[in-house]
Structures are given as structure tokens and as C-alpha cells.
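Because only heavy atoms are used, hydrogens play no part in the values below, and waters and symmetry mates are left out as well, while side chains stay in. Throughout, protein chains are lettered first and strands after them, A, B, ... in sequence-line order, and every chain is numbered starting at 1.
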There are 2 protein chains.
Amino acid sequence: MNEVRPRTRIQRRNTGAILEAALAVFAAQGFRGATLDQIAEAAGLSKPNLLYYFPSKEAIHLDLLTGLLDLWLDPLRALDPEGEPVAEILAYVRRKLELSRDFPLESRLFANEVLQGAPRLAGVIAGELRDLVEAKAAVIRRWAEAGRIRPVHPQHLIFSIWALTQHYADFEVQVRLVLGAGEPDPFPAAEAHLEALFTRLLAP
Amino acid sequence: MNEVRPRTRIQRRNTGAILEAALAVFAAQGFRGATLDQIAEAAGLSKPNLLYYFPSKEAIHLDLLTGLLDLWLDPLRALDPEGEPVAEILAYVRRKLELSRDFPLESRLFANEVLQGAPRLAGVIAGELRDLVEAKAAVIRRWAEAGRIRPVHPQHLIFSIWALTQHYADFEVQVRLVLGAGEPDPFPAAEAHLEALFTRLLAP
DNA sequence: GCGATGTTTGACCGGATGGTCAGGATGACG
DNA sequence: CGTCATCCTGACCATCCGGTCAAACATCGC
């Protein structure tokens with residue numbers, strides 16, 4: 001079911017090239033829109049050679065999605081219940097925005113999956129992710145009850161952070177086109193804006 | 001290049017059914033992932049009959065996108081420079097959230113297009129949309145300079161509104177899975193959350 | 001240098017997909 | 001009821017797509 005276990009130098013190089021190429025293609029076209037030919041060409045391999053390393057298109061996609069999950073959830077896991085509430089949440093926002101800046105393809109891969117109804121990630125979202133959100137929402141609720149942040153709906157606060165940060169990766173084209181050529185890198189201004197937004201929302 | 005101009009009763013009914021069916025399929029699968037067979041079946045027509053009303057798959061997609069634009073831009077157009085600033089922006093947020101609740105397929109169609117690099121909408125985004133945003137950003141900037149709202153980066157404020165409201169349509173599956181079966185309709189809580197968020201951000 | 005193991009490819013397959021076309025069915029209208 | 005325009009369909013086509021396979025080629029340990 002999985003690809004060839006990378007044991008030789010060549011295997012490591014080629015599976016790496018395939019996953020990198022596939023990430024770009026799946027992120028831009030979605031699963032159904034992507035073709036093995038596109039991936040093979042981007043990876044610099046022939047299509048049969050692709051299928052020597054991975055048993056199917058589906059397997060490549062799944063490999064990317066599962067590999068993505070830790071990267072995606074770690075910033076929320078790092079939210080420290082013992083830390084200073086506003087600073088903790090702002091740090092989470094900053095980490096998530098950095099992810100959008102440094103891994104936009106991963107963000108768009110995830111966005112495509114969820115847009116298409118999360119056929120492959122529904123289980124993880126309803127399980128692992130839901131549990132993690134619930135746990136961190138409880139932390140936020142306690143902070144609010146202790147008066148250390150203003151009262152907020154914890155889950156919707158987390159949704160807001162996801163929406164606002166991932167927007168800069170998923171809708172990057174729109175952001176750049178609307179801002180125009182004047183400002184080439186929107187991220188510094190975005191960071192300042194989001195910091196102000198969450199500070200004013202949360203600081204008691 | 002366009003479909004048959006709807007002049008008869010049958011034409012109106014069938015072009016309508018086709019566009020409705022195509023909206024659902026394109027929103028769920030993206031342009032490349034959607035097939036004419038899926039659309040035809042959802043519309044209750046045969047594939048050749050589909051192509052009697054529209055010259056190509058591309059034409060259906062384009063028709064949907066262009067028809068979508070007014071729906072999409074009207075809420076921002078309605079932002080009144082003469083109104084009370086905070087109330088105006090909150091009303092814009094509410095209108096945009098209503099759009100996400102009532103037209104999630106349209107939102108996902110748009111999201112797919114932008115995710116894929118906006119190949120068909122780049123012109124409109126860099127033109128019409130950019131101009132509109134620029135004009136409304138100027139209004140917001142004037143409000144800030146007059147001290148009627150707190151200082152904000154106008155464009156990024158608008159991006160925030162888009163991100164936060166569209167998130168509830170584009171990532172609807174994720175929102176529902178994370179909240180769990182307990183709360184079936186996330187929109188009332190979302191509205192309250194967003195109202196608090198933007199009030200605290202903007203109210204002087 | 002040689003056999004074993006690992007890697008690559010051209011040729012091919014069955015099914016899906018966007019699209020065409022000739023002709024038949026079904027209206028609208030006098 | 002006749003006729004003309006509109007509407008619909010089965011059969012078909014070329015191309016694309018995911019995937020297979022046997023055979024050629026490279027690499028490595030000895």
C-alpha cells in the first residue's frame with residue numbers, strides 16, 4: 001500500500017522529488033485535476049518510473065496528507081496552558097502565519113482537501129483534530145473565566161486564527177493582485193494587522 | 001461562445017438546471033475534476049443535450065464565474081461612506097456572512113478558482129475588484145484619520161472580513177466536524193463572535 | 001568482472017472524458 | 001393539421017488517464 005521504503009540513495013532522492021512535485025501539482029489542481037503525467041514531468045521522471053516508487057496516484061496523495069498533519073497541528077499543540085494568555089495566543093497566530101508564508105503549497109493542499117469535502121481527512125478531523133481543539137478550547141475558556149482574557153467563544157476564536165492566517169496562503173494570488181505590484185510582500189503588514197486584531201479582541 | 005440565449009420556456013428551464021447542477025459539481029471538484037457526465041446527470045439531461053445549450057465545459061464554468069461576480073461584490077459596494085463607520089463595517093461583515101450561509105457553493109466555486117491561481121478571474125481581480133477595494137479602503141482610511149474608528153490597515157481589514165466570513169462556507173465540513181454533532185448550525189455563534197471581534201478592533 | 005539486486009523505459013491496455021453529428025421526437029403556431 | 005423551428009438522443013470519435021509489464025539498463029557487493 002505504501003511506497004518503496006527509502007533504503008538506497010536513489011530511492012530517497014526520487015521519492016523526495018516525486019512528493020515535492022506532487023505537492024505542487026495537487027495544491028494547484030486538486031486531486032482529480034492533477035495527472036500523473038504532470039507530476040512525473042515536474043519530478044523529472046517517467047510515468048512508469050513514478051509508479052515504481054508509489055503504487056498509485058492515491059498513495060502519493062495520501063502520503064502527502066498524512067505527512068502534512070503534524071506540521072499542521074504542531075503550532076496549536078504548542079499553545080501552553082501555563083503561559084501568559086494573550087502572549088500565547090499571539091504566538092500561535094504568528095506561528096500559523098509563518099506556516100502560511102513558508103508552506104503555502106501545503107496550505108493549499110489542505111484547503112483543496114477540505115473544499116472537496118475532506119473525503120480522506122474526515123476521520124482525522126473528526127478525531128485527532130477535534131480532540132486537540134476541544135482540549136485547547138478548554139484552556140482558553142479557563143483563561144476567559146479567570147478574567148485573563150476577554151470572554152470569547154473558544155472554538156470560533158480558533159477558527160478565526162485558522163481563517164485569517166491560511167487566507168494569506170490559500171488566496172495568495174488574490175491578495176497580491178488586489179494589493180497590486182506596489183507592495184510585493186504582504187506578510188509584514190499582515191502580521192502587524194493580526195497582532196493588533198487579536199490584541200484588541202483579547203486584552204482585558 | 002455563449003450558451004443559447006434563453007428565449008423559450010424550455011431553454012430557461014434547462015439552462016437553469018445545467019447551471020445549478022454545474023455549480024454543485026464545480027464547487028465540489030474544481031474545474032478539471034468536474035466531468036460533463038456528472039453535470040448532465042445532476043441536471044437530469046443527457047451529455048449531448050448539455051452541449052446543445054452550452055458549447056463547452058469551459059463555457060458553463062465561465063458563465064457561472066461571471067454570473068457570480070455581482071453577488072460577490074455587491075456587499076462591499078454597499079459600504080456607505082456617509083454611514084456610521086463601525087455600523088457600516090459590521091453590516092458589511094453580516095452581509096458577507098449571510099452570503100456564506102446562503103450561497104456556500106458559490107463561495108467554494110470562487111475559492112477553487114483562486115486556489116488554482118485564478119486563471120479565469122485574474123483580470124477581474126486585478127481590475128474591477130482591485131479598484132473597488134482601493135475605493136473602499138480610502139473610505140476606511142478617512143474614517144481612521146478622522147478618529148471615527150481605530151487606525152487599521154484598510155486592505156488587510158477587508159481581507160480579514162473575507163477570510164473570516166468565507167471560512168464558514170469554504171471550510172464548512174471542517175467547522176462542522178470540529179464542533180461535532182452537538183451544535184448543528186454554527187452561524188449564530190459565528191455572527192456573535194465576528195461582531196465582537198470587529199467591534200473591539202474598530203470602536204475608538 | 002560477475003552475478004544479484006535495484007532502476008528505468010517503451011509499448012500497451014481498458015476505461016473515462018470532452019466533444020461531434022445525423023437524424024428523430026417534440027414542441028409552437030397559423 | 002401541417003410545417004417549421006426547437007429540442008433531444010444514440011452512436012461515434014480522438015484524446016487523455018491511471019496503471020501494467022516485460023525487457024533493458026544501472027549499481028553494488030564480492
Next on the checklist: Can you work out whether N14(B) or D37(A) has the more 5'-proximal nearest nucleotide on DNA chain D?
Outcome noted: N14(B)
Item to check | Results of ring pair (Phe, Tyr, Trp, His ring centres under 6.0 Å) for F26(A) - residues two or more places apart only | outcome: F31(A), H61(A)
Item to check | dT7(C) OP1/OP2 closer than 4.0 Å to side-chain N/O of N49(A) | outcome: no
Item to check | Spacing between F54(A) atom CZ and dG18(D) atom C1', to the nearest angstrom | outcome: 16 Å
Checklist entry - Under the criterion side chain to side chain contact (heavy atoms under 4.5 Å, CB included), which of L68(A), L132(A), V124(A) is the partner of L73(A)? => result L132(A)
Checklist entry - What integer distance in Å separates I39(A):CD1 from dC16(D):C1'? => result 15 Å
Item to check | Phosphate-side-chain proximity, Y53(B) and dT6(D), N/O vs OP1/OP2 below 4.0 Å | outcome: no
Item to check | Base-contact (B) and sugar-phosphate-only (S) positions in nucleotides 19-30 of chain C, heavy-atom cut-off under 4.0 Å, - elsewhere | outcome: BBB------S--
Next on the checklist: Nearest whole Å is fine: how far is dA16(C) C1' from E41(B) CD?
Outcome noted: 15 Å
Checklist entry - Distance check: side-chain N/O of T35(A) vs OP1/OP2 of dC16(D), anything under 4.0 Å? => result no
Item to check | Residue list, side chain to side chain donor-acceptor pair (under 3.5 Å) with S107(B), at least two apart or on another chain | outcome: D170(B)
Checklist entry - So what does A40(A) hit on the nucleic acid, given a heavy-atom distance under 4.0 Å: a base, only sugar-phosphate, or nothing? => result nothing
Next on the checklist: Rounding to an integer number of Å, can you tell me how far I18(B) CD1 sits from dC7(D) P?
Outcome noted: 11 Å
Checklist entry - Is there a side-chain polar atom (N or O) of T8(B) under 4.0 Å from OP1 or OP2 of dT6(D)? => result no
Identify all side-chain donor-acceptor contacts of residues 189-198 of chain B below 3.5 Å with residues at least two apart in sequence or on another chain.
residue: H193(B); atom: NE2; partner: H156(A); partner atom: O; Å: 3.3
residue: H193(B); atom: NE2; partner: S160(A); partner atom: OG; Å: 2.7

Next on the checklist: OP1 or OP2 of dT8(C) versus the side-chain N and O atoms of Y52(A): is any pair under 4.0 Å?
Outcome noted: no
Checklist outcome for this item: Atom CG of L50(A) and atom P of dG10(C) are separated, to the nearest Å, by 14 Å
Checklist entry - Take atom CD in E98(A); do more than 12 heavy atoms of anything else shown fall under 6.0 Å from it? => result yes
Checklist entry - Taking only residues two or more places apart in sequence or in another chain, which ones pass side chain to side chain donor-acceptor pair (under 3.5 Å) with Q38(B)? => result T35(B)
Next on the checklist: By the side chain to side chain donor-acceptor pair (under 3.5 Å) test, which pairs, at least two apart or in different chains, include something from residues 40-49 of chain B?
Outcome noted: none
Item to check | S46(B) side-chain N/O to dC8(D) phosphate OP1/OP2 under 4.0 Å | outcome: no
Checklist entry - Would you say a side-chain N or O of Q11(A) is under 4.0 Å from OP1 or OP2 of dG6(C)? => result no
Checklist outcome for this item: The nucleotide from dT17(C), dT6(D), dC8(D) with an atom nearest the side chain of R32(A) is dT17(C)
